[in-house]
Amino acid sequence: MLIVSHKKNEKNSVFSSLFMPLKAAWGIIMKLLVPDLYSYSLDEILSVLIQKNYSIVPYHGKPRSFYYDPVFQRNMIQKIEEQEIDVVFSLQFLPILSNICEKLKIPYISWCYNDQINRLLLSDSVFNSCNFIFHTDSKWVLKLQRLGVKQVFYLPWAARTIKREQICAISSESVMDIAVFDTGNSEALRLYIEMLTRLDRRTRGFLDGLIQAQGSIYGFNFIENVLNDETLSFLQKAASLPVLRGSTADMAELYAFQILYPVVTKKELDSILRNLEEEEQMHTCFYSSCFLEHLKHIKQSDLPTDSSVFRDIYINSKINLLIAPREIQNGIPVQAMDIMGCGGILMTNFQNDYLQYFEPGTDYIYYESTDDISDKLKYYLQHEEKRIAISRNAFHNIMQNHTFELRLEEMIDLLNLN
Amino acid sequence: MKILFFKSNIFMQEDWFETLKKAGYDVDPVTYVFTDYIKDDFFAKKFRKRLQKISYDAVVSFNFYPVISDICREFQIVYISWIYDSPIPHFQNFDSPYNHVFHFDKMDVQEYIQKGYQQIHHLPLAVNTERLDNQLTALTQKPEYYHDITFVGNLYTNRSIQARNFVSSDYIQGVLQGYAAAQSQFFNHDIVGELIKKSPFINVNAFSEDFPLEHLIRSVHEEATHQERKNILRKLSQYFSVDLYTSEEVCDIYNLHVHPAVGYYTVMPDVFRHSCINLNINYRTIRSGMSARLLDIMGCGGFLMTTPQPELFDYFVPDEDFVTFTSFEELVDKCNYYLLHEEERHQIAMNGYQKVKGAHTYEARFPELFAFI
């Protein structure tokens with residue numbers, strides 16, 4: 001219904017201010033300790049770093065809390081000292097790692113992508129001087145800068161390198177018309193439903209109205225802005241969310257990010273599936289860990305765990321419909337990069353950061369509302385030549401500009417590690 | 001030109017009346033407060049007697065009164081009404097050839113013209129800068145400041161969805177409050193209409209002539225104003241000292257200091273002049289026009305910090321004559337900045353004042369107002 005898009009020159013001025021090289025001069029010895037707590041595409045990232053002559057020391061082990069675990073802390077410090085580690089590198093920002101690095105006065109580099117765990121960025125640890133935080137969502141970068149975090153940079157995700165010959169012809173050999181991926185959060189929906197049973201009717205209506213409104217708006221998240229003290233007090237009584245030690249998130253942010261935005265995503269997905277269920281001419285497969293009884297026409301399949309299986313789906317579907325979780329305000333989801341990197345056709349909800357690097361209608365497609373999805377899908381299913389063009393354009397764009405090798409070079413440039 | 005000036009309980013009317021007299025117009029006042037704007041036999045009898053006794057070229061009033069319009073039509077006298085409310089209150093029997101309606105909101109005017117009403121014209125409101133100049137010290141001297149951030153106005157608690165209670169279901173009231181909360185995040189774009197029409201919670205077919213859909217949409221906008229003003233002032237007072245002058249009962253909270261309402265002619269100019277920042281949060285049903293408050297603040301030499309209003313940009317330059325904000329974060333940043341940068345702030349206030357004095361006085365409006373006589 002409404003898309004809030006940033007003007008390109010406004011965004012450029014934001015981004016140009018983000019790419020300020022650091023003054024750190026750490027020399028050329030780089031031994032990286034890499035915990036594998038979050039590992040999406042970590043193997044590819046490490047492979048690139050190894051090619052660039054960085055020494056990688058993996059670290060296995062999970063803390064009991066991402067904020068504080070003295071045993072984990074002690075063990076990691078010991079490893080860092082024994083191995084003479086120069087830098088700790090992780091996917092996602094984890095306060096416990098930041099605190100360790102701050103204590104040892106070594107840099108902590110984190111590359112954050114869309115995930116519920118981003119809430120850990122709202123913690124005191126984010127102000128540690130050892131941090132170099134990279135985030136795939138420009139809105140998060142602006143938010144952290146506003147809070148006073150100095151060393152935070154926008155860095156979109158990248159795609160795995162794939163050989164052109166691995167990509168099958170997108171059109172005639174495709175098995176499925178549309179692949180839809182479940183990006184929802186069932187736990188959040190469960191919490192929401194439970195919460196509603198304990199709320200008064202007015203507050204229930206308020207949340208339902210607010211969720212409907214946010215669902216119709218793309219490019220601007222506002223739920224946390226409008227949860228006032230009175231509403232929050234009702235929410236806390238109905239479903240208390242733990243406020244973790246060290247967290248600086250305010251209650252509005254906690255409820256918005258942990259419950260309400262995931263509910264917006266889930267409702268959007270449900271609405272789209274309902275529309276697609278009626279389109280019997282379209283062959284749709286829904287990939288999810290939950291089986292939906294009410295879907296009769298749409299095929300359902302488990303969400304793969306292997307990236308190569310995902311790749312096959314992207315390549316073998318005429319259109320890949322990705323509904324980005326609503327907690328992502330501007331960022332390009334990691335899965336979107338994977339889809340385009342395989343030469344898959346990506347159709348997704350509007351996100352501002354795409355416009356920096358990709359051309360809508362040329363590299364990917366976005367929908368403006370759940371109402372116009374069916375028409376857009378039909379159009380692109382009928383126009384094979386347009387799909388082929390989008391596939392080629394996206395793949396070419398990714399290979400030229402968005403591989404992990406290129407992205408890590410950007411990161412390194414920013415960090416002055418060369 | 002002999003003018004009969006109708007006065008009611010409208011705060012700006014004395015300024016219009018006095019400036020007409022000073023400009024040499026032969027103006028007679030008549031004062032009345034309607035209880036029924038459509039039919040009032042007592043008033044009609046008195047008014048007719050007046051018009052029979054004295055020959056007037058025109059009758060003028062702020063806002064539009066159907067009873068006056070009917071009688072002016074009967075007597076074939078031009079009736080000039082200058083409207084400062086949006087939507088136009090008690091809008092009936094509008095299409096007399098003797099009516100000339102001036103409305104401060106361009107979007108409203110365009111809509112009425114599209115509906116077929118030809119005698120409605122766009123005209124922004126005005127300020128009596130001469131009175132204010134006499135009342136206040138010259139703006140060339142930097143004023144002494146009593147307040148950091150001031151808001152003069154209502155929170156419109158009485159116009160909230162809950163207070164009005166025209167929707168009986170608590171749940172639906174909550175849904176509408178949710179829509180209003182969302183609307184409060186957007187400027188220059190109405191999302192309420194679409195939300196209601198596509199709502200899975202509200203039966204749009206249930207609306208009737210007695211309670212049209214437009215009425216509900218308007219009410220949600222009023223709720224948005226109420227929420228916006230309440231939330232902004234409350235949150236802002238966690239960062240700054242904020243003074244609120246209002247007729248409503250509001251408790252002091254954080255650093256929000258509540259004062260009783262102030263007189264338009266007496267204390268209000270001083271409040272505007274002696275506040276570092278005068279906050280304006282537009283009333284949401286006014287879609288494009290400049291409210292009286294915007295011009296009052298600038299006409300008093302006050303520094304104006306406001307939510308954006310389209311017509312403000314037609315006549316004034318942002319960051320030169322006034323400052324605008326579109327999010328709470330931006331408001332905080334700009335308050336921080338302008339509280340520290342006194343020179344710049346004073347310059348902006350002076351610029352705004354000079355523009356109002358140059359082009360937005362009552363005298364400046366007279367040629368258009370009386371063009372049809």
Side-chain angles (χ1 to χ4, degrees), chain A residues 1-6 10 139 142-148 196 199-232 234-235 250-253 256 260 263-264 267 270-271 274 329 368-372, chain B residues 155 160-163 165 167-202 216 220 223-224 226-235 237-238 251 253-254 326-333 336:
Chain A
M1 188 177 94
L2 175 62
I3 283 178
V4 181
S5 170
H6 301 154
E10 283 173 9
K139 198 69 182 179
L142 287 170
K143 187 182 177 82
L144 292 173
Q145 285 181 331
R146 240 194 109 69
L147 289 172
L196 287 181
L199 285 170
D200 62 281
R201 290 171 58 80
R202 184 188 304 284
T203 308
R204 265 189 270 150
F206 177 79
L207 291 180
D208 281 347
L210 195 59
I211 285 170
Q212 183 204 338
Q214 179 68 83
S216 68
I217 306 290
Y218 296 94
F220 175 49
N221 284 4
F222 54 79
I223 289 180
E224 63 271 32
N225 298 345
V226 302
L227 297 178
N228 60 24
D229 293 346
E230 190 186 19
T231 306
L232 286 169
F234 294 144
L235 297 186
D250 63 38
M251 292 311 297
E253 284 169 327
L260 299 177
V263 171
V264 174
K267 285 186 182 264
D270 287 347
S271 171
R274 269 199 307 275
Q329 178 150 349
E368 296 177 24
S369 72
T370 52
D371 296 334
D372 89 342
Chain B
L155 304 190
S160 67
I161 300 273
Q162 197 162 342
N165 210 29
V167 173
S168 58
S169 156
D170 285 348
Y171 175 79
I172 298 295
Q173 284 191 18
V175 169
L176 295 174
Q177 286 173 324
Y179 295 166
Q183 177 66 73
S184 74
Q185 299 296 296
F186 293 92
F187 299 93
N188 307 324
H189 192 94
D190 178 6
I191 62 171
V192 172
E194 279 294 300
L195 286 173
I196 291 175
K197 285 171 192 162
K198 292 189 173 179
S199 174
F201 316 111
I202 294 170
L216 181 68
V220 176
E223 166 77 23
H226 162 66
Q227 287 188 24
E228 191 173 26
R229 289 184 178 189
K230 194 173 79 162
N231 292 338
I232 284 177
L233 291 174
R234 195 184 169 90
K235 279 163 71 171
S237 69
Q238 293 178 49
C251 300
I253 189 164
Y254 302 119
T326 56
S327 71
F328 182 72
E329 288 75 23
E330 191 180 356
L331 174 61
V332 169
D333 287 347
N336 264 324

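In what follows, chains carry the letters A, B, and so on, assigned in the order in which the sequence lines appear, proteins first and then strands, with residues in each chain numbered from 1.
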Inset, instruction - May I ask you to name which of Q162(B), K230(B), K235(B) has the most heavy-atom pairs under 4.5 Å with chain A? - result: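 The residue among Q162(B), K230(B), K235(B) with the greatest pair count is Q162(B).
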
Under 4.5 Å from any heavy atom of chain A, what part of [X] do you find: side chain, backbone, both or neither?
| X | result |
| --- | --- |
| E329(B) | both |
| F201(B) | side chain |
| S327(B) | neither |

Inset, instruction - Output yes when a side-chain donor or acceptor of R229(B) lies under 3.5 Å from a complementary backbone atom of L155(B), and no otherwise. - result: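 Judged by distance alone, no pair lies under 3.5 Å.
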
Inset, instruction - Could you tell me which residues satisfy ring pair (Phe, Tyr, Trp, His ring centres under 6.0 Å) with F186(B), sequence neighbours excluded, listed by chain and number? - result: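 If we apply the ring pair (Phe, Tyr, Trp, His ring centres under 6.0 Å) test to F186(B), skipping adjacent residues, the hits are F220(A), F222(A).
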
Inset, instruction - Verify whether one side chain among Q177(B) and Q173(B) offers a donor that lies under 3.5 Å from an acceptor in the other. - result: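 Q173(B) and Q177(B) do not have a side-chain donor-acceptor pair below 3.5 Å.
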
Legend entry - salt_bridge(R234(B), E230(A)) N-O dist < 4.0 Å: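 Looking at R234(B) and E230(A), the cut-off is not met.
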
Legend entry - Contacting moiety of D229(A), where chain B heavy atoms sit under 4.5 Å: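 Contact with chain B involves the side chain of D229(A) alone.
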
Inset, instruction - Quick one: list whatever passes side chain to side chain donor-acceptor pair (under 3.5 Å) with D208(A), sequence neighbours left out. - result: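 Residues passing side chain to side chain donor-acceptor pair (under 3.5 Å) with D208(A): Y192(A), Y171(B).
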
